[in-house]
Amino acid sequence: MAYSNKVVDHYENPRNVGSLPKDDANVGTGLVGAPECGDVMKLQVKVNPETGVIDDAKFKTFGCGSAIASSSLATEWLKGKTVDQALAIKNTDIVAELSLPPVKIHCSVLAEDAIKAAIADYKKKQDELKGAKPAAQHAQPSA
Amino acid sequence: MKFPIYMDYHATTPVDPRVLEAMMPFFTEKFGNAASRNHPFGWEAEEAVEAARKQVADLIGANPKEIIFTSGATESNNLAIKGAAEMYREKGNHVITCVTEHKAVVDTCKKLEKLGLRVTYLPVQKDGRISLDDLRAAITDKTILITIMTANNEIGVLQPIAEIGAIAKEKGILFHTDAVQAVGKVPFDVTALKVDLASISGHKIYGPKGVGALYVRRRNPRVLLAEQISGGGHERGMRSGTLNVTGVVGLGKAAELCRLEMAKDTERLRTLRDRLSEALHGSLDEIYINGSMEHRLPHNLNISFAYVEGESLLMGINDVAVSSGSACTSASLEPSYVLKALGAGDDLAHSSIRFGLGRWSTDEEVDYVVDKLTKVVRRLREMSPLYEMVKEGVDLSKMQWVSH
């Protein structure tokens with residue numbers, strides 16, 4: 001199988017490989033995929049809580065070249081976007097940018113899932129910070 | 001060193017120049033049809049075919065009359081299994097095979113199931129070999145055929161063929177073996193192994209593609225097969241079609257070279273393979289050999305590099321031709337069924353690479369591959385969330401993964 005030049009470029013020079021402190025309230029972490037499926041992506045965003053803008057994004061991926069490229073590209077796109085803009089990134093945008101063949105579309109889907117999971121994690125942390133904590137404790141379901 | 005480096009000798013081998021030289025005249029001046037009985041063109045071709053038949057027979061300790069030429073081992077496997085099932089249908093309707101067989105055997109058996117036969121797919125143990133107790137337990141009075149490969153094409157594991165042959169003989173059941181990866185590489189004698197049918201391929205033994213052979217026992221017992229390709233009654237009526245004379249000549253010459261050079265080649269390749277294995281183990285942690293090292297082809301190594309996905313690994317060593325059990329390298333998106341059958345876990349199947357060394361592999365090439373692979377594995381592990389988690393003390397098997 002031949003890879004597009006962009007996939008090769010991201011594979012050879014992956015952008016933003018690494019980890020952000022996952023306990024930081026301004027950091028959202030998404031971990032998607034499964035080892036037995038052959039791909040696992042960890043994608044993290046660091047959001048400025050004042051502006052809602054993503055200041056930094058990092059990834060680590062276990063997966064094929066297209067999975068690595070999809071997550072690398074996603075971190076590139078995320079930086080500078082607001083949380084809402086980030087949620088608007090579609091897997092089809094990644095497919096188009098990287099010229100992924102049909103058998104690799106699942107890699108882009110996983111990257112989109114990773115973005116959504118990272119942002120959901122960030123929002124959850126922020127909600128907990130905004131005094132939702134005691135409320136959550138009182139709201140124990142009775143049944 | 002010549003690039004790209006070829007280390008995929010289980011997939012195919014180049015034609016040995018001595019084989020090509022033997023074949024050349026039969027494309028042009030010696031172009032006769034081996035079935036033309038009434039002129040010298042035909043006689044010349046027939047003579048060459050019979051010489052090749054003897055060369056193939058000599059390699060496996062058979063009588064030349066027991067060699068049927070085919071288009072390749074896929075056809076040989078089809079002919080052996082379907083041909084026996086059809087011929088002995090009145091005697092029984094049960095076939096025994098194993099889960100790690102090549103698709104040419106597995107899918108042929110599935111076809112038999114569609115036709116109403118019963119097939120038992122024996123599991124393999126962790127080392128890749130079947131259990132003889134399982135085999136004995138699977139045999140019924142309706143069993144007509146056991147088909148178990150000699151050496152596996154992915155993990156190079158050798159099955160206990162002599163023991164299987166003895167059991168088959170004792171029970172009066174025919175025994176077929178897909179011997180494609182073993183013949184010409186390790187000693188293989190149809191008498192010693194008590195094999196009734198054996199499939200052979202030309203292009204796995206430095207011969208041409210598009211030609212193969214099926215050994216069909218003629219004595220104790222005399223094996224009969226229902227033909228699967230009908231026509232002019234060539235090859236004792238078992239396989240019609242004008243013989244591929246050039247291919248047959250090439251297969252014969254390739255078989256002769258293997259017979260004469262096997263001892264030397266085997267020793268050299270085993271040393272080279274062990275060098276590869278030891279160097280990889282010396283430079284990388286958490287790498288696992290798939291399948292038995294004791295019962296294994298001397299030129300095979302199949303290793304899983306934990307926490308790194310196979311296709312990304314291949315991408316990093318793109319000047320080396322090897323293959324991976326990773327799903328991403330196949331159209332099916334399923335990792336290797338052979339590695340899965342070993343029970344090592346799908347994640348390790350996704351992380352595997354098969355090395356196949358051959359007649360022209362060198363120390364220099366092995367050293368280059370080890371060096372390159374070590375760098376790529378280290379780089380990809382730095383990029384792997386799994387490796388990071390393990391280093392943090394997370395037990396991956398206890399994680400709740402979201403499958404997709």
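Chain letters run A, B, ... following the sequence lines, proteins first, then strands; residues in each count from 1.
- Of the listed residues K340(B), R379(B), M399(B), the one with more heavy-atom pairs under 4.5 angstrom with chain A than any other is R379(B).
- With hydrogens and angles ignored, the 3.5 Å screen pairs a side-chain donor or acceptor of E309(B) with a backbone N or O of C64(A).
- The number of heavy atoms from other shown groups lying within 6.0 Å of NZ (K209(B)) is above 12.
- Counting heavy-atom neighbours within 6.0 Å of K46(A) NZ, excluding the residue itself, gives a total of 12 or less.
- In the displayed structure, D285(B) atom CG is contacted under 6.0 Å by more than 12 heavy atoms of other residues, nucleotides or ligands.
- Checked by atom type and distance alone, the side chain of Y11(A) pairs as donor or acceptor with a backbone atom of S312(B) at under 3.5 Å.
- Scanning all heavy atoms of the two residues, the minimum distance from E311(B) to G65(A) falls at OE2-N, 4.1 Å.
- Nearest heavy-atom pair across P35(A) and H350(B) is O-CD2, 3.6 Å.
- The shortest distance between side-chain heavy atoms of P385(B) and M41(A) does not fall below 4.5 Å.
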When you look at M315(B) and E12(A), which way does the side chain to side chain contact (heavy atoms under 4.5 Å, CB included) test go after all the steps?
CA-CA 9 Å; M315(B) 233 176 134; E12(A) 282 173 356; over 6 Å; no

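- When each of D347(B), L396(B), L313(B) is checked for heavy-atom pairs under 4.5 Å with chain A, D347(B) comes out on top.
- Shown here for L31(A) and W401(B), the closest heavy-atom pair between the two residues is CD2-CZ3, 4.0 Å.
- Between Y307(B) and F62(A), the shortest heavy-atom distance links the atoms O-CD1, 3.2 Å.
- Around atom NZ of K22(A), no more than 12 heavy atoms belonging to other residues, nucleotides or ligands sit under 6.0 Å away.
- Contact count versus chain B (heavy atoms, under 4.5 Å) is highest, among V109(A), I68(A), V17(A), T61(A), for T61(A).
- Contact annotation for V40(A): both backbone and side-chain heavy atoms come within less than 4.5 Å of a heavy atom of chain B.
- A donor-acceptor pair is defined here as one N or O able to donate and one able to accept, closer than 3.5 Å; such a pair exists between the side chain of K60(A) and the backbone of E382(B).
- With a 6.0 Å radius and a threshold of 12 heavy atoms from other residues, nucleotides or ligands, E364(B) has its CD atom at or below the threshold.
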